[in-house]
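Written below as structure tokens is the structure these notes are about.
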Amino acid sequence: MGSTRSSSRPSVKRRLPQEFYLRDTKRVARDLLGKRLVRIHNNTRLAGIIVETEAYLGVKDPAAHTYGGRITERNKVMWGEGGSAYVYFVYGMHFCLNAVTRWAGQPEAVLIRAVQFTEGLDLIKNFREISEEKQLGNGPAKLCQALNITRNLNGVSLVQSDLFIEDGDLIRNSQIICRPRVGIDYAKEAKHWPLRFYIKNNEFISKK
DNA sequence: CTGGGGATCGAG
DNA sequence: TCGATCCCCAGG
């Protein structure tokens, strides 16, 4: 009514354009913090804030599936244009979701490692078969289970499909922690590279 | 064809 | 710390 504050102008959330994903992969990983990961499931909106990511830097990154220029059936989506989803199966039972970055032929990606869910919690709790909210998306395989993301979404466009990422709150640099990535002990010197990004003091990240 | 291992999770 | 569980993929 008589409000003179900025709340009278609602912030419009819009889907990130393909250009967002074509940029430097570390920048994309950092900039994805605070954005909203959204999945439309049977006309229901499931969504949450991305609070943790990791960058995978392609042919020169010993931790990446495309290290050394490998082209395989599994990793071929990473070789395509930025802006699509790379979903892979791991450890015999889990799926992980990446946003492919850069242009075709530069096979890099950002792993989404944790999401703070804010919409569609009933359905998400069903998929996860738990109700504790801090446990719903605090890991790359957990958030895939929460959104029912499996191999059939490998390769879909984040710019056009029912799986996408929206604008969100701006996260200041002072609120971002940068550390080595998780679960890549096999990756020689790259295991120390600071390519994991997460929001400081956030309760929904995968590890302390 | 084969077998070693994995961008994880949860129980003990 | 360890087992689950199975697909991937390099090597023969």
Side-chain angles (χ1 to χ4, degrees), chain A residues 21 24-30 32-33 37 48 50-80 82 84-102 106-117 124-156 158 163 165 177-199 203-208:
Chain A
Y21 300 100
D24 175 83
T25 300
K26 291 192 295 295
R27 285 300 309 179
V28 174
R30 180 244 172 273
L32 279 175
L33 298 178
L37 177 64
I50 296 172
V51 298
E52 178 180 347
T53 61
E54 283 178 356
Y56 285 85
L57 303 183
V59 300
K60 63 187 187 305
D61 179 0
H65 291 162
T66 50
Y67 177 54
R70 289 190 300 261
I71 303 177
T72 68
E73 188 58 29
R74 178 177 64 163
N75 73 20
K76 65 182 180 187
V77 170
M78 280 185 73
W79 287 92
S84 59
Y86 172 44
V87 179
Y88 68 91
F89 183 68
V90 74
Y91 295 119
M93 60 188 81
H94 298 301
F95 292 94
C96 293
L97 169 68
N98 294 255
V100 176
T101 58
R102 293 294 198 165
Q106 187 168 355
E108 306 188 5
V110 174
L111 174 68
I112 311 298
R113 280 198 60 90
V115 169
Q116 177 177 350
F117 287 112
I124 285 171
K125 289 173 182 177
N126 258 345
F127 285 137
R128 286 282 289 125
E129 300 183 310
I130 62 166
S131 58
E132 193 188 344
E133 300 195 355
K134 284 180 187 169
Q135 300 290 329
L136 293 176
N138 62 340
K142 293 179 185 179
L143 69 91
C144 282
Q145 184 182 36
L147 298 178
N148 195 32
I149 291 172
T150 61
R151 67 180 81 256
N152 64 323
L153 291 180
N154 185 37
V156 303
L158 298 173
L163 176 64
I165 302 175
I177 307 289
C178 184
R179 291 282 183 274
R181 293 170 292 183
V182 174
I184 55 159
D185 285 348
Y186 58 87
K188 302 176 285 187
E189 79 277 6
K191 88 186 233 186
H192 304 295
W193 296 356
L195 296 176
R196 177 189 182 207
F197 301 87
Y198 59 90
I199 298 177
E203 299 286 309
F204 295 81
I205 67 171
S206 66
K207 298 184 176 174
K208 312 165 210 172

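The shown structure was predicted, so the numbers you read here are calculated from the model rather than taken from an experiment. Sequence lines set the chain letters: A, B, ... in the order given, protein chains first and strands last, and positions in each chain run from 1.
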Taken to the nearest whole Å, CE/Met93(A) to C1'/dC2(C) is 12 Å
Side-chain N or O of [X] versus OP1/OP2 of [N]: is the shortest distance under 4.0 Å?
X	N	result
Tyr88(A)	dG6(B)	no
Arg74(A)	dC9(C)	yes
Arg196(A)	dA7(B)	no

Exercise. Under 3.5 Å, is there a donor-acceptor pair linking the side chains of Asn138(A) and Lys142(A)?
Worked result: yes
- Task: Classify the nucleic acid contact of Phe89(A) as base, sugar-phosphate or nothing, counting any heavy atom under 4.0 Å across all strands shown.
- Result: sugar-phosphate
Return the nearest nucleotide to the side chain of [X]; candidates are [options].
X	options	value
His94(A)	dA7(B), dG10(B), dT8(B)	dT8(B)
Pro140(A)	dC9(C), dC9(B), dG6(B)	dC9(B)
Arg70(A)	dA10(C), dC9(C), dG6(B)	dA10(C)
Thr72(A)	dA10(C), dC7(C), dT8(B)	dA10(C)

Whichever of His65(A) and Lys142(A) has the more 5' nearest nucleotide on DNA chain B, that residue is His65(A)
- prompt: Is there ring stacking between Tyr56(A) and dA7(B), where the centres must be under 5.5 angstrom apart and the planes under 30 degrees?
  reply: yes
Distance under 6.0 Å and angle within 45° of the ring axis: does Arg113(A) meet both against Tyr198(A)?
no
- Test item: Thr66(A) side-chain N/O and Pro107(A) main-chain N/O as donor-acceptor pair under 3.5 Å: yes
State, with a plain yes or no, whether a side-chain heavy atom of Phe117(A) is found less than 4.5 Å away from one of Glu133(A). no
TODO: Provide the distance between the two P atoms, one in dT2(B) and one in dT5(C), to the nearest whole Å.
DONE: 23 Å
